[in-house]
Amino acid sequence: MKAMPYMIVMAAAVICAGCESESPYFDSQLGTASAHLVQAQTLDPAAAGNPPALAPAGADGQRIEAAVDNYHKDVPKQEQSVSRPIVFEVGGGGTGGG
């Protein structure tokens with residue numbers, strides 16, 4: 001029966017070692033899904049480096065102005081002042097000492 005704790009420790013070590021081998025793979029793949037989504041949703045990746053001289057075909061001033069106005073409505077407003085003070089309480093609120 002004295003060997004039982006050693007066997008439990010050895011089994012835990014084997015289990016932990018088995019889980020460790022996959023972590024570097026997952027860590028190396030972190031963020032690739034987001035990068036693939038951005039790449040798939042970008043119509044022309046070279047457009048930022050080589051912008052067109054003219055507006056897109058089919059765009060007139062009213063449509064562009066409406067799009068810009070909608071964009072400005074969606075952008076959050078500047079920070080507003082807080083109507084009541086924020087108080088941070090540290091500790092359990094009990095009396096100190098002891």
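Here the structure is a predicted model, which is why all the values come from computation and not from measurement. Heavy atoms only: backbone and side chains are in, while hydrogens, waters and symmetry mates are out.
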Could you tell me the separation between the CD atom of Gln62 and the CG atom of Asp69, rounded to the nearest 0.5 Å?
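The distance works out to 11.5 Å.
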Applying side-chain contact (heavy atoms from CB on, under 4.5 Å), name anything that partners His72, two or more places apart in sequence or on another chain.
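Testing His72 for side-chain contact (heavy atoms from CB on, under 4.5 Å), a comparison that skips the adjacent residues, returns Val68.
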Using distance only, find each side-chain donor-acceptor pair of residues 39-51 under 3.5 Å and give its atom names and separation, not counting sequence neighbours.
from  : atom 1 : to    : atom 2 : distance (Å)
Thr42 : OG1    : Val38 : O      : 2.6
Asp44 : OD1    : Ala46 : N      : 3.3

Quick check on Leu37: does its CG atom have over 12 non-hydrogen neighbours (other residues, nucleotides or ligands) under 6.0 Å away?
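Atom CG in Leu37 is packed in, count exceeds 12.
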Gln29 atom CD: more than 12 heavy-atom contacts under 6.0 Å:
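Correct, the count exceeds 12.
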